Protein chains: 2
Amino acid sequence: MTVSKTAEKSSGKPADAAKGRKDAGEPQAEALQLGELSEQLGYVLKRAQLKVFENFLRCVASLQLTPAQFSVLLLVEKNPGRNQTEIASTLGILRPNFVAMLDNLESRDLCTRIRSTNDRRSHILVLTDKGKAVLARAKKLVATKHEARLNDLLGQANREALLAMLAKIANEF
Amino acid sequence: MTVSKTAEKSSGKPADAAKGRKDAGEPQAEALQLGELSEQLGYVLKRAQLKVFENFLRCVASLQLTPAQFSVLLLVEKNPGRNQTEIASTLGILRPNFVAMLDNLESRDLCTRIRSTNDRRSHILVLTDKGKAVLARAKKLVATKHEARLNDLLGQANREALLAMLAKIANEF
DNA sequence: CGATATTTGGTATGGTCCATAACAATTATC
DNA sequence: GATAATTGTTATGGACCATACCAAATATCG
């Protein structure tokens, strides 16, 4: 597959190599045939994922949160008192790569590392008040602007079916 | 969201920070709560995408093809005589990044750049005989090992519904 | 107890992918 | 025929991912 983030200079959908295709009378090199590509799970999946992330970023742009950061805040809120290793591995983040991420969140006063008294090796992660507030606002934005759009596009039932299938793939494929 | 490729050193599913969870009698720090994370479209989507790519790579490992390379070969076969810009932009690949990719495929004698006689700036892309043969084998592997697995997992009808929804997201989100 | 192994957070580093700027050669435009 | 646009390309930087390694703290076991 392939699918990068900012499709050429052209419009949104990358599948139009040609310019301002309308129905004008230009010599216009006709559009390419996607062919079997549109049946490839990985291709469509990646395309969809990029679009969703892109939309997510726009929706929470005012809070300056990436999908990854949002997931960290969500998980820390739901599981306060856990250490870096636990949070990171649950999200599939490798511990070394989690350090800079936490440095960022901590520098913005969204979460805090606390030396555990039981095990003085580990850092307990906790959301700051600001972190909780930002997360609350992020949730609202995501719910009303981002996830709601799926319902408009697919309908409630289909949206749930989609999530269920994706979860199944993520867990059993 | 987040989701890296090789979840920690632990097993497959990243959602088990703890070790060999069974039902033994260890002090074992209980598993984390995913919470609202499992309802986040982007999170589940990314997770699924990583799993699918991972499986794709395994299925065509004998041919040494990445999803991106596979998509290029597919598109060139379906649209012979197109130049680099057209193929790249259709796939959402930026032209500068497409150069090294083609260098690779060409060095393996899977496709060829041909100077166009009409426009001597552009390179026409064509699959070599070896390229066609490799692609044919890849298709077979993908169909029988990769895509077939989706049917086993979701069933034919659901698989088609999933692809349709993903395509809709990719195009209209 | 004390030697050894393991775990935790962290640093350093390299790879891959993605994005932008710039350039020469060629072609289009006026 | 001068200027603009296009094509393939190089160079470069950023983001993300993965591995090896380290010191401090803890666990394990003789």
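Nothing here was measured: the structure is a model prediction, and the numbers come from that model.
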Is it true that Gln40(A) and Glu36(A) share a donor-acceptor pair across their side chains at a distance under 3.5 Å?
no
Does one side chain, of Gln84(A) or Arg95(A), offer a donor that lies under 3.5 Å from an acceptor on the other?
no
Checking Phe98(A) now: which residues fulfil ring-ring contact (aromatic ring centres under 6.0 Å, His included) with it, not counting sequence neighbours?
none
For Thr85(A) and dT7(C), is the shortest distance between a side-chain N/O and OP1 or OP2 below 4.0 Å?
no
Within less than 4.0 Å of OP1 or OP2 of dT9(D), is there a side-chain N or O belonging to Arg113(B)?
yes
Sugar-phosphate atoms are those with a prime plus P, OP1 and OP2; base atoms are the rest. Using that split, label each nucleotide of nucleotides 23-30 of chain C B, S or - for protein heavy atoms under 4.0 Å, 5' to 3'.
--BBS---
Which residue lies toward the 5' end of DNA chain C, Ile124(A) or Asn97(A), if each is placed at its nearest nucleotide?
Ile124(A)
Expressed as a whole number of angstroms, how long is the span from [X]:[atom1] to [N]:[atom2]?
X: Glu86(B); N: dT6(D); atom1: CD; atom2: P; answer: 13 Å
X: Ile114(B); N: dG8(D); atom1: CD1; atom2: P; answer: 13 Å
X: Arg95(B); N: dC18(C); atom1: CZ; atom2: P; answer: 16 Å
X: Ile87(A); N: dG9(C); atom1: CD1; atom2: C1'; answer: 15 Å

From the list [options], which nucleotide is the closest neighbour of the side chain of [X]?
X: Leu94(A); options: dA18(D), dG9(C), dG8(D); answer: dA18(D)
X: Asn83(B); options: dT7(D), dG9(C), dT10(D); answer: dT7(D)
X: Val99(B); options: dT9(D), dG9(C), dA12(C); answer: dT9(D)

Sequence neighbours excluded, which residues qualify as salt bridge (Lys or Arg N to Asp or Glu O under 4.0 Å) partners of Arg121(B)?
Asp119(B)
Backbone of Asn83(B) reached by a side-chain donor or acceptor of Ser122(B) within 3.5 Å
no
Does Leu34(A) offer a backbone N or O that forms a donor-acceptor pair with the side chain of Ser38(A) under 3.5 Å?
no
Ring-ring centroid check Phe56(A) Phe70(A), cutoff 6.0 Å
yes
What residues, two or more places apart in sequence or in another chain, satisfy side chain to side chain contact (heavy atoms under 4.5 Å, CB included) together with Arg149(B)?
Phe173(A), Asn55(B), Arg58(B)
Requiring both pairing distances under 3.5 angstrom, list the stems that contain DNA chain C and are made of three or more consecutive Watson-Crick or G-U pairs.
C:1-30 with D:1-30
Apart from Ile114(A) itself, residues in the same hydrophobic cluster as defined by side-chain heavy atoms under 4.5 Å:
Ile124(A), Val126(A)
